[in-house]
Trainee: 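First the structure, then my questions, so here it is.
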Amino acid sequence: MLRKTRLFTPGPTPLLPAAQNAIAAADMHHRTAEFREIFTRTLADLKTFIGTKNDVLILASSGSGAMEAAVSNLTSPGDKVVVLTAGKFGERWRDLAKAFACQIELIEVPYGQTFDLREIKSKLDGARVLYMQSTETSTGARHDVKAIAALLKGTDTLFVVDAITGLGTTHFDVDNWGIDIIIGGSQKAVMIPPGLAYLSVSERAWQRMETAKQPRFYFDLRKERKSAAKGESAFTPATALIAGLAASLDYIRRCGNGNLADGREALIHNAETSAAMVRAGAQALGLKLFAPTCPAAAVTAVLAPAGVDSSAIVKEFRERFAMVVANGQGEMKGKLFRIAHLGYYDYLDAIGVIGALEHVLLKVAPSHHIELGAGVRAVQEVFAGQFAEAATV
Ligand SMILES: *Cc1c(COP(=O)(O)O)cnc(C)c1O
């Protein structure tokens, strides 16, 4: 049979057709009225999408560029910073803070788990910034941003959240919780290719930048703020990706019947429902989740059956079905595989990936004894339960 290539990876994610068309058609110069209009509109729409009144900026970099900016713009060498880590992306915050010679108070928990609030509270004293993920994409765990925000209320510690797979899959009340910088990336829930990072920046964070002494040039956020006020970016922007992002935000607005904030909620609900379907399907096949106590809506990490290398599962998905699922990263390679459901996924994608998983297990884990259809049925039951009454978008 034919095989269509399908991405089930937590970045890049499947592309929205309307965004692909906008990208292909984007033949323009960036210092023009035409581009300024798109750029200004996209920044305003991103504010609504993030759910903040703070300034929003777009950088021509992958998500990690905005992470670096959140360290280089907010700290001085020797500053005490708290870093929460429970996986590969937490370790990226640690490595960034180290590269900029911060004094790191590391709060580390095993992969697949989340943090103890009492431990965080006991380590905040004198911290200039706290860095964390909302979703640890390497493990499929969701962290409690709201509870950690509450610990920081009334302190001088700035709060920075890597929500690169959190935005569009998780509820945030950015301004009321007091998130000073929240970061997203283009290749995740907003359904366009890699290459853009976007972030919101609070007034407190702008003030800190005036005294922060790290060297910075390309990622000097103050330059971007000045340019954004004129509908421009400090350097040549990724014009085509911005046109794609504009189209994608228009689509999300349509998902909310003309209201972008409602569309964002619909997108979050879609990810949550897809996640519930994938979890139910995997568990019905006798598989164990890697982060069962705090599962994210963005991606589900599933442990390979005992004695089976998850690399064989990933390979079989690709060779037999041209489906790209993600292996474990670092020390989790070979132990788990990850199925993404952030952005442009629908019910039939969940049916497809779990249906394929049944065939994959029959092939690579014959002693695991699965019954064809058991996983798919579990997905169907979640769908029937969710949408028995409610209309879908
Ligand atoms: C994808 C991702 C990143 C950014 O990675 P880039 O490759 O730099 O775009 C950072 N944090 C999390 C949680 C992610 O999922």
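First listed ligand is number 1; within each ligand, the first listed atom is number 1.
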Trainee: Counting from 1, what ligand 1 atoms have a heavy atom of Q187 closer than 4.0 Å?
Mentor: 6 (P), 9 (O)
Trainee: With a cut-off of 4.0 Å, which atoms of ligand 1 are near a heavy atom of T137?
Mentor: 12 (C), 13 (C), 14 (C), 15 (O)
Trainee: If you take the nearest heavy atom of each of S134, P10, S62, which one is closest to atom 6 (P) of ligand 1?
Mentor: S62
Trainee: If you measure only the distance, is there a donor-acceptor pair under 3.5 Å linking the side chains of R264 and T48?
Mentor: no
Trainee: Taking atom types as modelled, is there a side-chain donor on S134 or H143 under 3.5 Å from an acceptor on the other?
Mentor: no
Trainee: Just to be sure I read this right, does ligand 1 sit under 4.0 Å from the backbone of E136, its side chain, both, or neither, counting only heavy atoms?
Mentor: neither
Trainee: With a 3.5 Å distance limit and no angle check, can you tell me whether R338 reaches the backbone of T300 through a side-chain donor-acceptor pair?
Mentor: no
Trainee: Could you tell me, atom by atom, which parts of ligand 1 come under 4.0 Å of a heavy atom of K188?
Mentor: 1 (C), 2 (C), 14 (C), 15 (O)
Trainee: Mark up the atoms of ligand 1 that fall under 4.0 Å of a heavy atom belonging to T135, in ascending order.
Mentor: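 So the atoms of ligand 1 that pass are 13 (C).
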Trainee: Among all protein heavy atoms, pick out the one at the shortest distance from atom 3 (C) of ligand 1; state its residue, atom name and that distance to 0.1 Å.
Mentor: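 Here the closest protein heavy atom is F89 CE2, 3.4 Å.
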Trainee: Can you check salt bridge (charged side-chain N to carboxylate O under 4.0 Å, His left out) on R377 and E381, steps first, answer last?
Mentor: CA-CA 6 Å; R377 187 185 325 121; E381 281 166 1; 5.0 Å; no
Trainee: Provide, to 0.1 Å, the distance between atom 5 (O) of ligand 1 and the closest protein heavy atom, together with that atom's residue and name.
Mentor: R92 NH1, 3.4 Å
Trainee: Can you tell me which residue and heavy atom of the protein come closest to atom 4 (C) of ligand 1, and the distance to 0.1 Å?
Mentor: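 Looking at atom 4 (C) of ligand 1, the protein heavy atom closest to it is I164 CD1, 3.7 Å.
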Trainee: Any ion pair linking D55 and R225 (charged N to carboxylate O, less than 4.0 Å)?
Mentor: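 Yes, this pair counts.
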Trainee: Would you say the side chains of T137 and T165 form a donor-acceptor pair under 3.5 Å?
Mentor: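 Side chains of T137 and T165: pair found under 3.5 Å.
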